[in-house]
Amino acid sequence: MPDFTPHRQNYIRKELLMKNFKISLQIAIRAGGLLFAARIVLLLLTAVSAYIPIFVWREVINHIQDGGVGTLFDIIGLIVVYGILLFVNKLILVADKIVEFYYEDRITKYLDDLLVNQVADAKISLFDDAKLGNALSNSFRVLFSFRMITTTCFILLKNVVLLGIAFVLLTSLNWLLIFPVVLFTLPTIILNNKINKNEYELGKHESEYTRVEEYINDLFYGESRKEILIFDICDLLMTKKRNAWQKFYKYKKGHHTKNILFDLTSGVFVAIIEAIIYLYSVGKILAKKLLIGDMVYYVQVIAQFTSALSELMDNISYFRIQAQQIGDVFSFTEMSLEKEETGSIMIDRIYTIEFKNVTFKYPSNEKVVLDDCSFVIDAREKNAFVGLNGSGKTTIVSLILKLYTPDSGKIMINGIDLNNLDLINYRKKLSIMFQNATRYSMTALENIILSDIYSPVTDERVQFACKMSQTDDIIKEWDKGLDTSLTNRFDSEGKELSGGQWQRFSLARAFYRTTDLVLLDEPSASLDPLAEYRIFKDFYNLLKNSGAIMISHRLSNITMADKIFVLSKGKIVEQGTHDMLLKRNGIYSELYTIQASKYDDTDQ
């Protein structure tokens, strides 16, 4: 039976902490290279240089107290040395800042590339798993933590060096001082550790409250504010937000009270250490065994000691939190993600697409979407798929694009198994407009040409795409035309578009790409009737050199298709031209009649 005792859990946490630290160190060295070594050297120089001016100043004060022949020249020389040392110390700090800037930038880029490369060619089907999606999202969220943990590690090392030097210098006053310094430092470390644990627990609870707060704020600032106003639920939402805050505040108050007490107690122990050093130094001065410069020197050393100790405790707290967060990143990068599989056969053009007894269900769902589905498409013709929601129309498009692989059966392209085709070569023969238009915060021109960025941009292709998608009507109203930014995310003069306008630009992207086959998934879902009419009026005539596969709930858009496939319960149940299917009096005829009657009723 697993051991879940507090002692065992604490051991596991420490083991995980050390594992994350080791991996962080390996990545820091691998990504940083010479910059890592430079940071270590500069860190040690910074720590040592903090004490040298203190030592020189002690000698200045002692020379003043001693007097004697040549004292003035010695003092002037020491002051000059002191000034030079301060300047050198400043140079070291500036150099450290410069190296830190480039180092952190390199670390961030290294990790960002690591995560992107991990998912760049991963199978789309993997992202149907919510756990993977959350892991990826969380990994990108805590990238900042990894950059910070490397900085924290450097600071921790610097604090340890500062403490070590201060400890040696203090014990040089009298080695017996080791005992009181250690005796009263240990409680300080224990108390600060308790403070750190409380802060960490508080942070976890704060994130729970923050999620509630951000969610409710999003409701007020987003489109849902209309419903909030109409349904008069403002008070209800504010009450939920207030209750979440009160619950968190109660928890926060208790932890802060404890931390204040721990901090005060810790301060008492630090004060005792300082008092012991001060009293011992004063006694030595009175006994004329110590000069005033020596006392000033040890006072400054003890100040460095307490400052380094306090900073060390704070950074240990940050380190613990950051180390736990970056564990998510390491877990994700260590995942063995299934990559997209590709064959090696190249094709010049897509002539036919055949589904042979294809059965498919999504990885995250047990429901069978396509069930022993078979049909043949002439890719040079204009084809359409219709059916009720959930019948498998969009799934067919996803399988043709090879975003997913059938559970059984085969997809044949020109009589060749799709799995044997070179995936990059095959996809270049396709253009796609997905149901949910992607909104790129770029210029209008960039939004259009993104579908074929490796070919030269020509006015003819851009104008054709704009005409086919009816975006030319939108663009001509803008002063900057195609150079107009879409969204004001990066440009205050950018245009915010409606859902229908975004769908037109998505259509423009699909039409800009010169391909054998255009796939349109609900191309008119967000279009107004006039825009829809204009787009599809010449669709079949203008798209002469390419075949098309269109999915649409609006059957009026597909009446001119060369072949219409009717899906029901994951199978093709009817296929033929519009006229043929109407005469058959089947599912298509029923759907078309229902839609036509709605328009007739509206006209009446």
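The basis for the numbers below is simple: all heavy atoms, side chains too, and nothing from hydrogens, waters or symmetry mates.
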First locate atom [atom1] of [X], then atom [atom2] of [Y], and finally report the distance between them rounded to the nearest 0.5 Å.
X    : Y    : atom1 : atom2 : value
Y51  : L162 : OH    : CG    : 5.0 Å
K495 : T484 : NZ    : OG1   : 6.5 Å
I453 : Y512 : CD1   : OH    : 10.5 Å
M238 : N243 : CE    : CG    : 11.0 Å
D479 : E493 : CG    : CD    : 9.0 Å
L445 : L482 : CG    : CG    : 5.5 Å

Give me the atom names and distance for the closest heavy-atom approach of [X] to [Y].
X    : Y    : value
D483 : T443 : O-CG2, 3.7 Å
G481 : A444 : O-CB, 4.3 Å
I448 : A508 : CG1-CB, 3.9 Å
A38  : V99  : CB-CG1, 4.1 Å
V161 : A47  : CG1-CB, 3.5 Å

Worksheet item: Hey, mind stepping through D96 and L45 against side-chain contact (heavy atoms from CB on, under 4.5 Å) and telling me if it holds?
Response: CA-CA 10 Å; D96 186 51; L45 287 174; over 6 Å; no
Fill in: Result of checking N488, T487, D491 against S441 for side-chain hydrogen bond (donor to acceptor under 3.5 Å, both in side chains)
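Exactly one option meets the side-chain hydrogen bond (donor to acceptor under 3.5 Å, both in side chains) with S441, and it is T487.
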Worksheet entry | Step-by-step side-chain contact (heavy atoms from CB on, under 4.5 Å) determination, V462 to I449 | CA-CA 8 Å; V462 173; I449 67 172; 4.3 Å; yes
Worksheet item: Which word best sums up how the rings of F154 and F36 line up, parallel for under 30°, tilted for 30 to 60°, or perpendicular for over 60°?
Response: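 Geometry flag for F36 against F154: tilted rings.
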Discussion item. Do T342 and I424 have side chains that approach each other closer than 4.5 Å (heavy atoms only, starting at C-beta)?
Written reply: no
Worksheet item: Is L264 atom CG crowded by more than 12 heavy atoms from other residues, nucleotides or ligands, each under 6.0 Å away?
Response: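 Result for CG/L264: enclosed.
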Worksheet item: Between N447 and Y440, is there a donor-acceptor pair closer than 3.5 Å when you use the side chain of the first and the backbone of the second?
Response: yes
Discussion item. Has S451 got a side-chain atom pairing as donor or acceptor with R509's backbone, closer than 3.5 angstrom?
Written reply: yes
Fill in: Stepwise side-chain contact (heavy atoms from CB on, under 4.5 Å) check, W478 with I475
CA-CA 5 Å; W478 298 336; I475 294 168; 4.1 Å; yes
